[in-house]
Amino acid sequence: MNQSQKQEEIIVPEKEVQQLQQCLPKANFIGSKIWKYQGYWYHDNHLQNVLEFQRHFQARDTDLIIGSLPKTGTTWLKSLLFAVVNRVSYSANHHQNPLLQNHPHELVYSLETDVYNKAFVYPRPHHLNELSSPRLLSTHLPYVSLPESIQTSGCRILYITRNPLDTLVSLYYFSIKVMKNYFSTDILKMILGMFYPTPTMQDFFEAFCEDRIPFGPFFDHAVGYWKASLEHSDKVLFLKYEELKDDPTVQLKRLAEFVGMPFTSQEESDGVIQKIIEMCSIKSMKELEVNKSGVINKLFDKDSYFRKGEVGDWTHHFTPPMVERMKKLMDEKLEGTGLSYKLTS
Ligand code: A3P
């Protein structure tokens, strides 16, 4: 079977996606349409990818899959996971470490946005079969929508979440940049962009509070993985961005143990943990040439994945009533779950 036959085989027909869309609830997210599928929102172009991913992905028992909502620390976790798993082959700061020559998203593939995205050229699904174990992958899908083989196989999931206010600020800056890029790709889009009002932080805030964000609702997403981590602690590791910032050593040890590669006491005394933390810090990542220019999947500037990387940046962006509203929402949505977020450092 040649490559194009393999690719054809995995494409969910557009007609089928269109028929599905006709039956799904529809909403607007910052000027673009989103559809609610299995309780969560997806952009037009993502829906097909999600179906592809759900139908065709075959998990291996050894897979390590990062779960997250966009802007909650996915890139950071990708670099940490890669560094931990490959630490014997490439010591931190060793000049041949792939993390020094590749953006973290090029080392840990996003399943529905890269692999099962027919609009983008790499990496196509058949490449997944060629990856050696353990495969490092990622997804923004909620726990309930994960392909069956992820749920039933022995693969492990590392979920990261972040307080909603910082996530929202991060989403705002990232999205504005993506929109600017989109409207500058050709003359027609440039003209279109002139009539397109730049969305405000208030627009994003409303969408978030009304549970209308891509891959959201935010709290349902986090609670889904939170409950799974309580029920199956060997299957799902639940990480918080703020805890990683507060005590990266403790969290990195948790991560290494979870993936079955705990740090030895020799490694600890050799400072291996500290070297990984340093190599994957936002300061180091930002300074790498490979992360400074170029794009991922045509639209996403590599450097836009590394902005401030702080806890509490939201304090510069929201009015007291907005903060109150979010806190109230957080209390309501998390009541009785045992999940909580730290808002400031
Ligand atoms: P800010 O926009 O608040 O700075 P994601 O990877 O899920 O898209 O999340 C992006 C957010 O994580 C951005 O947050 C980005 O700056 C931050 N980030 C990326 N790499 C990081 C790192 N190594 N350490 C801490 N934060 C990081």
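Throughout, residue positions are numbered sequentially from 1 according to the sequence presented. Numbering of ligands and ligand atoms starts at 1, following listing order.
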Undergrad: Could you tell me which non-hydrogen atom of His221 sits nearest to which non-hydrogen atom of Phe215, and how far apart they are?
TA: CD2-O, 3.1 Å
Undergrad: Is the closest N or O pair between Lys71 and ligand 1 shorter than 3.5 Å?
TA: yes
Undergrad: For Ser281, which part has a heavy atom under 4.0 Å from ligand 1: side chain, backbone, both, or neither?
TA: backbone
Undergrad: Are Asp303 and Lys177 close enough for a salt bridge, meaning some N to O gap below 4.0 Å?
TA: yes
Undergrad: Heavy-atom contacts with Gly73 under 4.0 Å: which atoms of ligand 1 show up? List them by number with element.
TA: 5 (P), 6 (O), 7 (O), 9 (O)
Undergrad: Do Tyr143 and His232 have ring centres separated by under 6.0 Å?
TA: no
Undergrad: Which of the listed options, Trp314, Phe300, Tyr241, Phe306, holds the heavy atom that is closest to atom 12 (O) of ligand 1?
TA: Tyr241
Undergrad: May I ask you to list the atoms of ligand 1 that are less than 4.0 angstrom from any heavy atom of Ile282?
TA: 16 (O), 18 (N), 21 (C), 22 (C), 23 (N), 24 (N), 27 (C)
Undergrad: Would you say Thr72 contacts ligand 1, with heavy atoms under 4.0 Å as the rule?
TA: yes
Undergrad: For atom 6 (O) of ligand 1, what's the nearest protein heavy atom and its distance?
TA: Thr75 OG1, 2.4 Å
Undergrad: Quick test of your reading of the model: are Glu278 and Lys275 salt-bridged, counting only N-O distances below 4.0 Å?
TA: no
Undergrad: Give a yes/no verdict on whether any heavy atom in Ser68 is under 4.0 Å from an atom of ligand 1.
TA: no
Undergrad: For the residue pair His46 and Tyr37, is the inter-centroid distance of their aromatic rings smaller than 6.0 Å?
TA: no
Undergrad: If the contact criterion is a heavy-atom separation under 4.0 Å, does Tyr173 count as touching ligand 1?
TA: no
Undergrad: Would you mind listing which atoms of ligand 1 come within a distance below 4.0 Å of any non-hydrogen atom of Lys308?
TA: 4 (O), 16 (O)
Undergrad: For atom 15 (C) of ligand 1, what is the nearest protein heavy atom, given as residue, atom name and distance?
TA: Tyr305 O, 3.3 Å
Undergrad: Are any of the heavy atoms in Arg162 under 4.0 Å away from ligand 1?
TA: yes
Undergrad: Kindly say whether the aromatic ring centers of Phe218 and Tyr40 come within a distance under 6.0 Å.
TA: no
Undergrad: Looking at Gly309, which atoms of ligand 1 are within less than 4.0 Å of one of its heavy atoms?
TA: 1 (P), 4 (O), 16 (O), 26 (N)
Undergrad: Check the pair Val259 / Leu237 against side chain to side chain contact (heavy atoms under 4.5 Å, CB included), numbers first and verdict last.
TA: CA-CA 9 Å; Val259 300; Leu237 177 72; over 6 Å; no
Undergrad: Less than 4.0 angstrom from a charged side-chain N to a carboxylate O is my criterion; do Arg212 and Glu210 meet it?
TA: yes
Undergrad: Counting heavy atoms only, which of Ser170, Ser138, Ser79 is nearest atom 1 (P) of ligand 1?
TA: Ser170
